[in-house]
Amino acid sequence: MSERMSAQGQAAVSKLSFLEKCGFGAGDAACNMLFNPITMFLSFFYTDIFGLAPAVVATMFLVVRMFDAFFDPIYGAWMDNRNSKYGRYRKWMAIFTIPFAISCLIMFYTPDVGPTAKIIYAFATYLLLSILYSCVNIPYCSLGGVITADPVDRVSSQKFRFIGAGLASLFCTFTLLPLVGYFGGGDRATGFFYTISLFAVIAVFLFFFCFFYTRERIQPRPEEVGEPFLASFKKIIHNDQWLVSISLMFLDCIPSFVRGAVSIYFAKYVLGFDDIAASMFLTLGICANIVGAYLTSVFTNRFCKVTVYKAVKIVCIVLSLILFLIPSNQVALIYIVFIVLSVIHQIAAPIIWSFIGDVDDYGEWKLHQRASGLCASGHLFTLKVALAVGGALVGAVLSYTGYEANIAEQTDFAISGIYALMTWIPAIGYFVTFAVTHFFYKLNRSMMARISKDIYAQA
C-alpha cells in the first residue's frame, strides 16, 4: 500500500478548527439559499405562476437534469487534473459563484411572451442554472473529501454543512412566500424575481466566506495531475464502493426530493393552509432537519455510521407509512409525525455525504488513485438524476391524478396522488436504500480504520 511522508500524513489528519467547520458549512448554506427554492418551490412556480402544464414541467425536469448530469463527471475529472496555490477545487467555486447567482435571477424571471416561447425560455434558463450550479457545487463537494482525512472530523464537517444548509433552508422557507407577497404587491411573478435576487446576494457572500476560511489538506500525487479523463474514469469504475455509494446517493435523494417538492401542495391542498400557514409547516420541517443534522455525530460517535444510516432508513419507512394512515383532519398529529420524520430523515444526510471521502480513500488504498473531483461529481451526477426522476415523478403523478393549479378544492384522486408522493413513495425509496446499503456497502468503521492506517502511516 502507498505511504505518505509523515508531515503530509499528519497534516491530512489534523483537526479542523471551529471557524473552518463554519466556513465549510457556509458553502452549503450558500448553495441552499438558491437550491432550496429550486427543490421546494420551482415545481409550484412553474405550474402556478409561470403558467406551464404539469406534464411540461415533468418533461423539462427529466430532460434538462439528465442532459446536465453528464456534464458533472467531465468537469470533476477536469478539476482533478488542475492544481493551484488554492488547491484543486476551491478556486473554481469562487470563479463561478457570481455567474451562478445571476442564472438564478434569470430563471425566476417571467417574460411576457407566448406559451411556446415560455417553454423554450424555461428549458434554456433551467439548463443554464443546472450547469452553473455544477460549477460551484462540484468543487464544494470535492472539498469535503480533501478538507481532512480524520474520520471523526469528516463526519463533523458534514454535520456543520447540513446545519448551515438547514439554517439557509429555514430562512428561505420561512421568508420566501411572505417576501414574494411583499415585493410583488399582488404580482407573484415580480415577487419571486426580487426575492430570489435578495437570496442570491446573500449566497454570494456565503460562498466567498467558505473560500477564504477553508483549505485542502489532502494533496494529490504529482502523477495524478494531468491524467486524461478517460484514464481516470477507467480507474474509478473499478472502485466498487464508489459504484455502490453513487447508487446510494440516487436512492437516498428520491424520498428527499419527492417529499420536498410535494410538501407545498400537501400543505395547501390537503391541510388547507394559506401561504403563511404553509410556510410555517415547511419551516418546522426545516427546523427538524437542522436538529437531525446536529444529532448525527451523537450517534456516529458511539456507533458505526453505516449501522446508524441503515437504522435511520428503517425508522423512516415506519414513520412514512404512519403519516399515510393519518386522516387529513388530524392536523396536530400530522405535524408531530412530520416533524419527527424530518428529524430522523436528516440524521442520515451527513453520513451519506461523508461516504464520498471514504470511497475516495478506498480508491487510493485499493487502486492507488485519489480522484476527489471525479468521485464527488459522480455523486452529484446521480443526485441530479434523482432530482430529474423525482421532479418528473411529482409532475407525472400530479398530471395523472388530475391536479389543477390554483383550484382550492382538488378532486379526491388528486389528493390521493399528493398523499402518495408525501408518504408511501418515499417509503419505497427508504426500503431500497436500506437493502443496497446492507448487502453491498462495506466501508464500516473497522474497514475505514484499516484503510486510514495504511494510507497515512508514517514513513
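For reference, positions follow the sequence shown, starting with 1.
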Smallest heavy-atom separation, Cys287 atom then Leu170 atom, equals SG-CD1, 3.3 Å

Distance-minimising heavy-atom pair for Ile138 and Gly76
CG2-CA, 4.2 Å

I'd like to know if the side chain of Ser156 pairs up with that of Lys21 as donor and acceptor (distance under 3.5 Å, no hydrogens or angles considered).
yes

Between Asp252 and Tyr309, is there a side-chain donor-acceptor contact under 3.5 Å, judged purely by atom types and distance?
yes

With sequence neighbours excluded, residues passing side chain to side chain donor-acceptor pair (under 3.5 Å) with Asn289
none

For Phe413, does the CZ atom sit with more than 12 other heavy atoms under 6.0 Å from it, leaving out its own atoms?
yes

Check residues 317-334 and write down every donor-acceptor pair under 3.5 Å in which the side-chain atom is one partner and the other belongs to a residue at least two apart or another chain.
unit_1 : atom_1 : unit_2 : atom_2 : d
Ser320 : OG     : Arg259 : NH2    : 3.0
Ser320 : OG     : Cys316 : O      : 2.8

Which residues share a side chain to side chain donor-acceptor pair (under 3.5 Å) with Asn301, sequence neighbours left out:
none

Between Asp240 and Lys442, does at least one N-O distance fall below 4.0 Å, as a salt bridge requires?
yes

Return yes if a side-chain donor-acceptor contact under 3.5 Å exists between Lys159 and Ser297, otherwise no.
yes

Within 6.0 Å of CZ in Phe273, more than 12 heavy atoms from elsewhere
yes

Using side-chain heavy atoms (C-beta onward) and a distance below 4.5 Å, is Ile347 in contact with Ile344?
yes

Pair Tyr403, Thr411: side-chain N/O donor-acceptor within cut-off below 3.5 Å:
no

Check the orientation of Phe50 and Tyr121. Use parallel for under 30°, tilted for 30 to 60°, and perpendicular for over 60°.
parallel

Before accepting this row, confirm whether a basic side-chain N of the pair Lys305/Asp358 lies closer than 4.0 Å to the acidic partner's carboxylate O.
yes

With heavy-atom distances below 4.5 Å as the criterion, would you say the side chains of Leu443 and Val306 are in contact?
no

Would you say the side chain of Val359 lies within less than 4.5 Å of the side chain of Cys375, judging by non-hydrogen atoms?
yes

Verify whether the ring centers belonging to Phe338 and Phe281 lie closer than 6.0 Å.
yes

Measure the acute angle between the ring planes of Phe183 and Tyr194, then classify it against the limits of 30° and 60° as parallel, tilted or perpendicular.
tilted

Does the ring-ring contact (aromatic ring centres under 6.0 Å, His included) test come out yes or no for Phe250 and Phe381, once each step is laid out?
CA-CA 9 Å; Phe250 171 82; Phe381 171 88; 9.7 Å; no

Taking the six-membered ring for Trp, is the centroid-to-centroid distance between Tyr75 and Phe71 below 6.0 Å?
yes

Is Val312 close to Tyr430 at the side-chain level, that is, under 4.5 Å between some pair of heavy atoms?
no

Between Phe355 and Met249, is there a side-chain heavy-atom distance shorter than 4.5 Å?
no

Do the two ring centres, one from Phe193 and one from Phe108, sit under 6.0 Å apart?
no

Are any non-hydrogen side-chain atoms of Phe100 and Cys135 less than 4.5 angstrom apart?
no

